[in-house]
There are 2 protein chains.
Amino acid sequence: MQFAGSPSPDTPRMFLSGTTQYAIRAVIHVAEHAADEPLRVDDIAAALDVPRNYLSKTLHQLVRAGVLKSGRGPRGGFQLAEPPDALTLARVAAPFDDLANRQCLLGRATCTSRRPCSAHGRWESISTQMLTFFGHTTIADLMAEIAERPSTAPVHDRPPAASLRTSGPPRGRTARRARAAP
Amino acid sequence: MQFAGSPSPDTPRMFLSGTTQYAIRAVIHVAEHAADEPLRVDDIAAALDVPRNYLSKTLHQLVRAGVLKSGRGPRGGFQLAEPPDALTLARVAAPFDDLANRQCLLGRATCTSRRPCSAHGRWESISTQMLTFFGHTTIADLMAEIAERPSTAPVHDRPPAASLRTSGPPRGRTARRARAAP
DNA sequence: TGCATTTATCATGTGGATATGATAAACTCG
DNA sequence: CGAGTTTATCATATCCACATGATAAATGCA
């Protein structure tokens with residue numbers, strides 16, 4: 001099956017907004033790092049290759065949404081506010097994109113669940129599957145396996161990760177970031 | 001399951017662009033009318049409750065795409081260029097929204113079919129179903145039954161719809177369009 | 001032919017998503 | 001405390017989807 005070879009717009013319309021994509025990727029990236037060491041915006045932005053200042057604002061929204069924790073100053077940065085298997089994509093996307101509230105496929109003002117339009121029923125099953133996907137898939141599901149660990153083991157049975165900083169040992173701070181300060 | 005009660009944006013992001021929605025609805029509306037009488041922009045815009053001039057431009061793009069035919073002057077207007085069961089949603093949407101070319105869910109530049117990102121496989125099956133939906137659903141599938149019809153019958157167990165008009169009896173043509181010209 | 005009708009095209013406006021740069025505020029540590 | 005680091009916030013800038021209004025071009029008909 002091969003859709004019409006029309007001219008079509010340059011940038012295909014994305015399912016998730018750019019900001020939502022940034023948010024999910026950022027949370028995944030944070031989750032893939034040691035939980036006891038916060039990640040700075042600069043590092044996240046560099047890793048994702050997205051604009052730093054814009055990402056900063058986006059991360060802040062995730063903090064307000066309770067997805068991330070943040071701290072300022074030296075040793076500041078971002079950490080997960082909850083374990084990765086508790087963070088669904090819907091939860092991460094919520095501040096930017098209300099996935100649950102997608103309405104009539106054709107934008108008909110008169111289309112309701114009472115009087116659905118002709119496209120409604122046909123689209124609904126797919127639409128429902130999408131909601132389920134975003135509601136059930138968690139950040140843990142999308143994390144790359146870190147270091148040693150049976151490659152496909154579910155994230156569940158991992159040790160509690162030392163209570164997310166707040167008290168852990170200083171841990172060296174071995175010269176990450178070779179950026180020369182001017 | 002109940003997504004986070006976040007503030008969330010005012011206008012939920014639509015799956016199809018507004019213009020694509022206009023286009024599909026317009027084509028359905030044209031298809032629901034007698035094939036031998038062109039429909040004017042004013043009538044279509046009024047029926048869909050969308051801005052007239054903008055719709056005009058959109059309809060013209062459908063003409064260039066071979067979905068509609070148009071004529072100017074008195075007795076001008078728009079008609080289908082092909083029978084409704086030959087017009088898939090993908091075909092109608094193509095000039096505005098390249099559905100087939102949706103890329104990585106998370107917008108990752110490095111995500112390819114060779115090296116898919118962690119979200120890729122999980123999303124793919126849903127994504128594929130959407131493509132199939134738009135590639136298989138036709139305008140004929142979405143047309144309201146014209147004239148007499150059992151009011152709430154589910155769409156399934158309906159008789160095959162008599163090869164979808166194209167040759168049925170003229171079916172009345174009772175005084176449409178009562179606009180008094182000034 | 002001349003006029004009314006209707007689509008085609010052009011010029012421009014508006015709002016939101018995305019992005020940038022500068023400044024303020026909070027935090028750590030010598 | 002004071003200096004350096006890092007997030008939080010503010011003030012704009014840009015681009016595109018969507019929209020508006022005016023004008024041009026084509027068509028049918030008296």
Side-chain angles (χ1 to χ4, degrees), chain A residues 8-23 26 30 37-46 48-64 68-79 93 95-98 107 165-166 170 173 176-177 179-182, chain B residues 8-23 26 30 37-46 48-64 68-79 93 95-98 107 177 179 181-182:
Chain A
S8 80
D10 34 355
T11 304
R13 182 179 177 76
M14 300 171 297
F15 182 79
L16 297 173
S17 71
T19 305
T20 302
Q21 293 178 338
Y22 290 173
V30 170
E37 181 88 359
L39 261 178
R40 282 162 291 138
V41 177
D42 291 284
D43 295 331
I44 304 175
L48 306 195
D49 193 30
V50 304
R52 191 215 111 105
N53 280 337
Y54 190 68
L55 181 65
S56 174
K57 209 168 112 187
T58 301
L59 293 178
H60 177 58
Q61 291 178 267
L62 289 172
V63 170
R64 287 193 312 188
L68 296 179
K69 292 186 298 187
S70 68
R72 300 203 236 199
R75 309 199 54 95
F78 294 88
Q79 295 169 283
F96 317 100
D97 197 341
D98 188 352
R165 199 200 32 192
T166 310
R173 252 166 138 5
R176 308 197 314 288
R177 167 189 13 163
R179 291 188 314 165
Chain B
S8 81
D10 35 354
T11 305
R13 182 178 177 78
M14 300 172 298
F15 181 80
L16 297 173
S17 72
T19 305
T20 302
Q21 293 178 337
Y22 290 172
V30 170
E37 181 87 358
L39 262 177
R40 283 162 292 142
V41 177
D42 290 286
D43 295 332
I44 304 175
L48 306 196
D49 192 31
V50 304
R52 192 215 110 105
N53 280 337
Y54 190 68
L55 181 64
S56 173
K57 209 169 113 187
T58 302
L59 293 177
H60 177 58
Q61 290 178 268
L62 289 171
V63 170
R64 287 193 311 188
L68 296 178
K69 291 184 297 186
S70 67
R72 301 202 237 200
R75 309 201 55 91
F78 294 88
Q79 295 169 283
F96 317 101
D97 197 341
D98 187 352
R177 173 183 358 168
R179 291 189 319 159

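Proteins get letters first, then strands, A, B, ... in listed order; numbering begins at 1 in each.
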Please determine whether a side-chain nitrogen or oxygen atom of [X] lies at a distance below 4.0 Å from atom OP1 or OP2 of [N].
X      : N       : result
S70(A) : dA8(D)  : yes
Y22(A) : dA19(C) : yes
T19(B) : dC18(D) : yes
H60(A) : dA8(D)  : yes

Is there side-chain contact between [X] and [Y], with heavy atoms separated by less than 4.5 Å?
X      : Y      : answer
Q79(B) : E37(B) : no
I44(B) : L48(B) : yes
M14(A) : R13(B) : yes

Summary of protein contacts for nucleotides 21-30 of chain D, nucleotide by nucleotide, where a base hit scores B, a sugar-phosphate-only hit scores S (4.0 Å, heavy atoms): B---BSBSS-
Proximity to the side chain of R40(B) - top-ranked nucleotide from dT7(C), dA19(D), dT9(D): dT7(C)
Can you figure out which of dT7(C), dA19(C), dT7(D) approaches the side chain of D42(A) most closely? dT7(D)
How many angstroms lie between OH in Y22(A) and CG in L62(A), if you round to the nearest 0.5 Å?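 Going from OH on Y22(A) over to CG on L62(A), the span is 14.0 Å.
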Between [atom2] on [N] and [atom1] on [X], what's the gap in Å once rounded to a whole number?
X      : N       : atom1 : atom2 : value
Y54(A) : dA17(C) : OH    : P     : 8 Å
L55(A) : dA19(C) : CG    : C1'   : 12 Å
I44(A) : dT6(D)  : CD1   : C1'   : 12 Å
R64(A) : dT7(D)  : CZ    : P     : 17 Å
Q61(B) : dT7(C)  : CD    : P     : 16 Å
L59(B) : dT9(C)  : CG    : P     : 13 Å

Review item, side-chain donor-acceptor pairs of residues 49-57 of chain A, under 3.5 Å, at least two apart:
{"from": "R52(A)", "atom 1": "NH1", "to": "D42(A)", "atom 2": "OD1", "distance (Å)": "3.2"}
{"from": "R52(A)", "atom 1": "NH1", "to": "D42(A)", "atom 2": "OD2", "distance (Å)": "3.0"}
{"from": "Y54(A)", "atom 1": "OH", "to": "T19(A)", "atom 2": "OG1", "distance (Å)": "2.6"}

Give one of base, sugar-phosphate or nothing for V63(B), where a contact means two heavy atoms less than 4.0 Å apart. nothing
Check the interface with nucleotides 11-15 of chain D: list each N/O to N/O pair with the protein under 3.5 Å, or write none.
none

Working note: V41(A) + F78(A), criterion side chain to side chain contact (heavy atoms under 4.5 Å, CB included); need CA distance, chi angles, decisive distance, verdict. CA-CA 8 Å; V41(A) 177; F78(A) 294 88; 3.3 Å; yes
Kindly give the heavy-atom pair with the smallest separation between P38(B) and G76(B), and that separation in Å.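 Shortest heavy-atom separation between P38(B) and G76(B) comes out as CB-O, 3.6 Å.
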